[in-house]
Amino acid sequence: MRETRLRFPPSPTGYLHIGGARTALYNWLYAKKHGGKLILRIEDTDEDRSTEESIQGILDSLEWLGIDYDEGPYFQTEFAKDHIDAAQTLLTKGVAYKCFCTREELETKREAALAKKGHLGYDRTCRCLTAEQLKEKEAAGLPFVLRFKIPERTGLHSYNDEILGRIQVDYKEMDDFVIVRSNGKPLYLLCNVVDDIRDRISHVIRGQDHMTNTLKQVLLYEALDAPLPIFAHMPLTLDTKKAKISKRSHGEIVAVQFYRDKGFIPWAFNNFLALLGWSAGNDQEFFSKEELIEQFSLERINKSSAIFNYRKNDPKFFTDPKAIYFNEHYLRTMDIKALGELVRVELELDNLWDDSYAGDREEWYLSTLDLIRDRFHTLKDFTTLGRAYFADDFTVEEKPLKKNILKNESLKEWFPELANRYEQLSDFNLEETERVARELASELDIKPGILINGMRTAVTGQLAGPSMFDILVTLGQDKIVARLRNIHLLFA
RNA sequence: GUCCCCAUCGUCUAGUCAGGUCCAGGACAUCGCCCUUUCACGGCGACAACACCGGUUCGAAUCCGGUUGGGGACGCCA
């Protein structure tokens, strides 16, 4: 019985995007479920595009998501010798050959093929070189690449995909693909296989964009006398125009870091991602980490691709509404202490954190979060919409200012009066604050709502919020009295 | 263009492998109503899909074939 070993091999050519994150997540889930190992391997063989910055970005993103690994990160470039040795083996075995065709020649042939509407593969010119021709070219010191020889077989080449079923193609459709560049550096197709063999990878879970690569790689495993891993090609995540999501064309909206910076709860995002292409087979959509690991299976991964339905320039949603919905769900249902930790980070970032929130005011801190979290969408809302609970420099929003304050100029006199009465209260509680407010309203012969809604705006800056008297008690007598007395500032 | 893969509400999906219980269920979004001092949550409801055409069958979202549509791959990128 083979050990269960999976890998996530990002190429460090940019940030981790949601497609990559989902791939990492599925691999992670499978490894966890089966007591296997997850290996992180940075495939940095594209020296032109790999950057230190993106390596760090990927590492940070995985850490934020909570996707941990058992081995690595390994760096593909550190195993260059393995790759070169393997290429040499293939050449010696006669299953690879030197190709001296220049890029220009190839390009010309490619264009000709395109014009002729045929297939675009290499025409095997150098595969048919005689021994003399080969010697001649070698003696001339011509640059060459190494190509893999597609076996001389008739019929279909195939492999079994755990998600897609049997994938097959006619041998004659397959091209002699390049495995080593003219500068001597092996290419992805080979490196990837060599590394997977060395790392004893048992399951390859990756995107469907690798499906045709797999057909070639299976041949490589065969040529290298290595056992085949189990392959599972998951559906791609497409954009709203059904194009493959990529770092280059979509920017930050598909970057994992964007969601961290927007105040997403890591697990909420994982949960959302997990459901983009997989379902438990019933109506359940919220899963704890343990539940998801328990229930995850390759068989239930969809065959067809999923659309990441993000919205841009939408006043209400800055990304896929369902992603936000998941975040909201966790925001209002998660353990309040755990939420407290997450919000703490946000408060600290904005210099709003007070150490007493973790000390003698912890109860106040947590109950305040509990009071206000229902209306919030992201962790960022605690320092923006909820700023008034933690600081005096909150902004008063335009709309409620007009509607609840400026419309009633008399509030300039009423609020200081209300403040006086509140100041007199020996017990500043729900019942008393409400009684006093309603009494004053009735004395003034106005609807209580005028005072109540006005207060909400004056003390929180918001149009909407929790029950007004909960707010009063939470903020406390001193702050309320002061903010009510400052009402004139709002008319300035 | 060639090859490979896919096809259920706007989006994520259940149902497809073992055809009837599906004039297709859930969720998000949208729209109503209820709750309410506000807003949200919550509750209730509405809108909304089996791509098309054939075939097999007593019966097809489910099986088969074709068409169309979509995606991916076709690099000295990974």
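Model, not experiment: these values are computed from the prediction. Order of the sequence lines fixes the chain letters, A, B, ..., with proteins taken first and strands second; residue numbering starts at 1 for each chain.
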Atom [atom1], compared across [N] and [M]: separation rounded to whole Å:
N	M	atom1	answer
B:A61	B:C6	C1'	16 Å
B:U68	B:U57	C1'	26 Å
B:A14	B:A49	C1'	13 Å
B:U11	B:U38	P	37 Å
B:U56	B:U62	C1'	13 Å
B:A24	B:G10	P	15 Å
B:U13	B:A7	C1'	14 Å

For [N], does OP1 or OP2 lie under 4.0 Å from any side-chain N or O of [X]?
X	N	answer
A:K316	B:U30	yes
A:R110	B:G75	yes
A:Y325	B:C28	yes
A:R181	B:C77	yes
A:N282	B:G25	no
A:K322	B:C12	no
A:R311	B:A29	no
A:S279	B:A14	yes
A:T45	B:A78	yes
A:K244	B:A73	yes

Parallel, tilted or perpendicular: rings of A:F286 and A:H329 (30°, 60°): parallel

What is the ring orientation for A:W278 with A:F296, classed by angle as parallel under 30°, tilted 30 to 60°, or perpendicular over 60°? tilted

Quick one: does A:S467 reach the base of B:U38 with a side-chain donor-acceptor pair under 3.5 Å?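 In this structure, the two groups form no donor-acceptor pair.
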
For A:Y259 and A:T319, which I'm curious about, is there any donor-acceptor pair between the side chains at under 3.5 Å?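 The criterion, which ignores hydrogens and geometry beyond distance, is satisfied for A:T319 and A:Y259.
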
Would you indicate what [X] reaches in the nucleic acid, counting non-hydrogen atoms under 4.0 angstrom: base, sugar-phosphate, or nothing?
X	result
A:N192	nothing
A:F317	sugar-phosphate
A:V178	sugar-phosphate
A:S182	base
A:L120	base
A:R300	sugar-phosphate
A:G281	sugar-phosphate
A:Q168	sugar-phosphate
A:P448	nothing
A:P466	base

Whole angstrom value for the distance that separates C1' of B:G75 from CZ of A:R103: 9 Å

A:K98 side, atom NZ; A:E138 side, atom CD - distance, nearest 0.5 Å: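 Between A:K98 NZ and A:E138 CD, I get 3.5 Å after rounding to 0.5 Å.
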
May I ask you to test the A:L331-A:H377 pair for a side-chain heavy-atom distance under 4.5 Å? no

Does A:R332 count as lying over the ring of A:F376, i.e. NZ or CZ under 6.0 Å from the six-ring centre, within 45 degrees of the axis? no

Residues touching RNA chain B, which here means a heavy atom under 4.0 Å, drawn from residues 205-218 of chain A: A:Q208, A:D209, A:H210, A:M211, A:T212, A:N213

Against the side chain of A:E285, the closest entry in B:C5, B:U38, B:A27 is B:A27

